[in-house]
Amino acid sequence: MKTPAAAAMVDISAMVLGSLAALLFPLSAGSDCWRQDAKDPLSSVGLSNRCRGLWSECVFDNVADLWTCDIPISYLSEHPAVLVATRVLVISSSFLALAALAPFIAGMKCTNLIHDRVPQKYKFSLAAGSLFFLGGLSGAIAVLWYGIDTVQKYKLEVSFGIPGVTYELGYSYWMAAAGTACASSAGLLLIATSSSSTQVRRKELGSLPNLPRSKGQGTYL
C-alpha cells in the first residue's frame, strides 16, 4: 500500500510532466522552426538564418535586421506527406495532453472534486494516464517520422557537394521531442500506479470476512 508521501510524490511528478507536455506540444506546433539552416562547410555565407516550420518558412536577414516569412496561400494545397502527418499528429498530441489534465486533477489524492471516492479516483487517474500516453505515442510517431525525413534530406544534399542551404533539426522539433518524453512518462507513471493501486484495493476488499446475514422472523400459518 502506498504511503501518503509516496502518493503525493507520484501526483506532483505526473503534474509536472503532464503540464510540460501540455505546454510544449502547442509551442512546438505554433513556432515555425522545425528545420534550421545547418552550420556546415556547404552552407551559404551566414548572412541570414532560415527556419522551416509546419506552417511557413522564415528568413532573418542579419544585415538588414529583418525577419520575413513565406506563408503558403492555402493550407489545403498539396504538401509532402511527412509535413501533413506531422501537423495532424502534433495537433492531436496537444489536444490529448490538454484533455488529460482535467481527469488527472479530479483523480489526484489532494483534491476533493469527487468526495474522496477512492475507486473513482483511480479510474480518473487511469483515464488521464491513457490520454497522456496516447498523446506521447502520437508525438513519438511525428518526431521519429519528421526526424528521419530531415536526416535523409540532409545526407542527400550533402552528398551532392554543392554549396547552398542545408537544413538540420531546429528548436521546435526538440520542443516536440521533449513534450513526447514528458507525456509518455506521465502516462506510464499514472497507468502503473493506478493499476497497482486498483489491484491492492481489490485484494483488500476480497480479504474482508463475509458478514452474516440477519435472518428475518418466519411466519407460521
Side-chain angles (χ1 to χ4, degrees), residues 1-34 53-55 84-147 169 171-208:
M1 191 70 179
K2 290 190 301 182
T3 61
M9 286 300 298
V10 170
D11 285 344
I12 293 173
S13 300
M15 172 60 78
V16 172
L17 292 171
S19 299
L20 284 175
L23 177 65
L24 289 173
F25 278 132
L27 285 178
S28 65
S31 57
D32 278 335
C33 198
W34 281 68
L54 302 181
W55 313 102
V84 177
T86 305
R87 287 177 180 176
V88 174
L89 291 171
V90 172
I91 292 175
S92 300
S93 299
S94 302
F95 280 112
L96 288 170
L98 291 172
L101 292 178
F104 170 69
I105 294 174
M108 292 179 69
K109 308 303 182 293
C110 59
T111 59
N112 297 322
L113 299 179
I114 50 178
H115 307 292
D116 288 337
R117 296 179 60 186
V118 177
Q120 199 73 14
K121 279 182 174 290
Y122 289 148
K123 291 180 181 179
F124 276 105
S125 296
L126 186 59
S130 300
L131 290 174
F132 276 130
F133 183 74
L134 289 176
L137 181 61
S138 176
I141 296 173
V143 166
L144 287 176
W145 192 354
Y146 197 90
L169 298 172
Y171 64 86
S172 298
Y173 173 87
W174 297 114
M175 282 196 296
T180 297
C182 291
S184 301
S185 301
L188 291 174
L189 180 62
L190 289 175
I191 291 173
T193 54
S194 300
S195 300
S196 62
S197 300
T198 303
Q199 292 178 359
V200 171
R201 180 73 177 176
R202 288 177 179 175
K203 289 180 180 179
E204 290 179 350
L205 293 177
S207 63
L208 293 177

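Atoms considered below: every heavy atom in the structure, side chains included; atoms not considered: hydrogens, waters and symmetry mates.
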>> In the structure I gave you, are the side-chain heavy atoms of Thr86 and Trp34 within less than 4.5 Å of one another anywhere?
In response: yes

> Looking only at heavy atoms, what is the nearest atom pair of Phe25 and Ala97, with distance?
Replying inline: CD1-CB, 4.3 Å

> Atom CZ in Phe132, atom CD1 in Ile191: separation rounded to 0.5 Å?
Replying inline: 11.0 Å

> Which is it for Tyr146 and Leu54 under the side chain to side chain contact (heavy atoms under 4.5 Å, CB included) test, yes or no, and what are the steps along the way?
Replying inline: CA-CA 10 Å; Tyr146 197 90; Leu54 302 181; 4.3 Å; yes

>> Working to the nearest 0.5 angstrom, can you tell me the gap between Ser28 OG and Tyr173 OH?
In response: 11.5 Å

>> What I want to check is whether the side chains of Ser138 and Ser92 have a donor and an acceptor closer together than 3.5 Å.
In response: no

> About how many Å separate OG of Ser130 and CG of Leu126, when rounded to the nearest 0.5 Å?
Replying inline: 4.5 Å

Only distances under 3.5 Å count here; give the side-chain donor-acceptor pairs of residues 11-24 to other protein atoms, sequence neighbours excluded, each with its distance to 0.1 Å.
from	atom 1	to	atom 2	distance (Å)
Asp11	OD2	Lys109	N	3.0
Ser13	OG	Met9	O	2.8
Ser19	OG	Met15	O	2.7

>> Testing the basics here: between Ala29 and Trp55, what is the closest heavy-atom pair and its distance to 0.1 Å?
In response: O-NE1, 2.7 Å

> Between atom CG of Leu137 and atom CG of Leu89, what is the distance when rounded to the nearest 0.5 Å?
Replying inline: 9.0 Å

> What is the distance from atom CE of Met108 to atom CG of Leu190, rounded to the nearest 0.5 Å?
Replying inline: 10.0 Å

>> A side-chain contact here means heavy atoms from C-beta on lying under 4.5 Å apart; do Ser125 and Thr193 qualify?
In response: no

